[in-house]
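Structure, as structure tokens:
Note on naming: letters A, B, ... go to the chains in the order of the sequence lines (proteins, then strands), and numbering restarts at 1 for each one.
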2 protein chains.
Amino acid sequence: MNIGEASRASGVSAKMIRHYESIGLVPRADRQDSGYREYGPEDVHRLSFVRRARDLGFSLDRIRVLLGLWGDPSRTSAEVKALALTHIKELEEKARHLQEMADVLRGLSLACDGDGRPDCPIIAGLEAGPRPSSRPSRDLFPMPVDQAAKGKVLAP
Amino acid sequence: MNIGEASRASGVSAKMIRHYESIGLVPRADRQDSGYREYGPEDVHRLSFVRRARDLGFSLDRIRVLLGLWGDPSRTSAEVKALALTHIKELEEKARHLQEMADVLRGLSLACDGDGRPDCPIIAGLEAGPRPSSRPSRDLFPMPVDQAAKGKVLAP
DNA sequence: GTTGACCTTCCCAAGTTAGGAAGGTGCAGA
DNA sequence: TCTGCACCTTCCTAACTTGGGAAGGTCAAC
């Protein structure tokens, strides 16, 4: 089958299939006389594997490792599980981080009237910084936000 | 003060200060005779504002808007609050998404012995896909994971 | 004068996905 | 056979934020 059909069957766009081939994530596809890429069921299977791993937030680098384990008869489930647990930890860390940012902002928003006047605790919070001289009992910026803006979800 | 001191005072790296200037996020700094950038307290104040907004996950585009509101005496707190609430919604959506991915993966991990044998439900889950023919009572892939890999945390 | 810290501008990189240009191929119907 | 259309090829560009480094100018202290 051509790349278009393989794309539809695997859920990976043709663009991405070509890209994955170019970076060596998946092996170079056979070519037809025309130069068109030729795919078989096994190729689609592998592409679907990649797709699902992406859907679970694995980076391409980690998917590379997963594909290696997938095709390695002498792998141990311990290796796979370790990789998965590491990934889970990172996912939850990022989720927590995002939720913390949302919580801080919600705290500021609750204090904001949201009316026609310019006075706004949200602006004030951004302006005055994480540690205003007089602050409420619950610190609005409780954690070290130093590197707060660092994380990307899928491509850190 | 020079850019280095402004950087230390605001928490924004010199690299980033130059970049923010180049994209017009902050006004062009005055130059000394040497060509060095010259910063005053007001500039540091603005850079700190940007820094805190970044720490709360605002994109540079949104920070541009925030800076506009900040400096606009005729702003309404309603405008600010609306922007904040939109941002909170997005943050929480992304956090939820990440947590969902983690949950799915944790479900697979719990079923994995993690021993020396190759048999591994995690690999099987990736291989067999979101809807295996016979599946446990609790679907391991309950949500439409179609666009699961789309979100970036801070620069979507 | 020399050293070392600091500054300047400019180019390149990360990660993943997508859009488009310019041109070749394959197949159907008129 | 010709035309049209869908599909394919490769290559370039973009998004977003941050940082690394090169090559060279400036400033202060010694």
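By the 30° and 60° cut-offs, the orientation of the rings of W70(B) relative to H45(B) is perpendicular.
Of the candidates dA18(C), dG19(D), dT18(D), the closest approach to any side-chain atom of S13(B) belongs to dG19(D). In this structure, of dT17(D), dC8(D), dT16(C), it is dC8(D) that holds the atom nearest to the side chain of I3(A). Checked against dG20(C), dA18(C), dT18(D), the side chain of R54(B) finds its nearest nucleotide in dT18(D).
Computed from coordinates, the R18(A) CZ to dT10(D) C1' distance equals 9 Å when rounded to whole Å. Taking atom CZ on R28(A) and atom C1' on dT9(D), their separation rounds to 12 Å, with Å as the unit. The distance from atom CZ of R62(B) to atom P of dA15(D) is 18 Å, rounded to the nearest whole Å. Residue F58(A) contributes atom CZ, which lies 17 Å from atom C1' of dT16(C) at whole-angstrom precision. For H19(B) and dG20(D), the NE2 to P distance is 15 Å, given to the nearest whole Å. To the nearest angstrom, P of dC10(C) lies 12 Å from NZ of K15(B). Put simply, CG on D61(A) is 11 Å from P on dA14(C), counting in whole angstrom units. The distance from atom CD1 of I17(B) to atom C1' of dT17(D) is 15 Å, rounded to the nearest whole Å.
At dC16(D), none of the side-chain N or O atoms of S59(B) fall inside 4.0 Å of OP1 or OP2 (strictly under the cut-off). The side chain of Y20(A) places an N or O atom within less than 4.0 Å of a non-bridging phosphate oxygen (OP1 or OP2) of dT17(C).
Two different hydrophobic clusters hold L110(B) and I88(A) under the rule that ILVMFWY side chains link at heavy-atom gaps under 4.5 Å.
A salt bridge links D43(B) with R46(B): the closest approach of a Lys/Arg side-chain nitrogen to an acidic carboxylate oxygen falls below 4.0 angstrom.
Using a 4.0 Å heavy-atom cutoff across all strands shown, R37(B) reaches sugar-phosphate atoms only and no base atom.
When the options L67(B), L56(B), L83(B) are evaluated for a side chain to side chain contact (heavy atoms under 4.5 Å, CB included) with R62(B), the one that passes is L83(B).
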Under 3.5 Å, which N/O atoms of the protein pair with N/O atoms of nucleotides 26-28 of chain C?
residue: dG26(C); atom: OP1; partner: S34(A); partner atom: OG; Å: 3.4

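In summary, the side chains of S77(B) and D115(A) do present a donor paired with an acceptor at a separation below 3.5 Å, with no hydrogens or angles considered.
A donor-acceptor contact shorter than 3.5 Å is absent between the side chain of E38(B) and the backbone of N2(B). A distance-only check finds a donor-acceptor pair linking the side chain of R51(B) to the backbone of G11(B) [under 3.5 Å].
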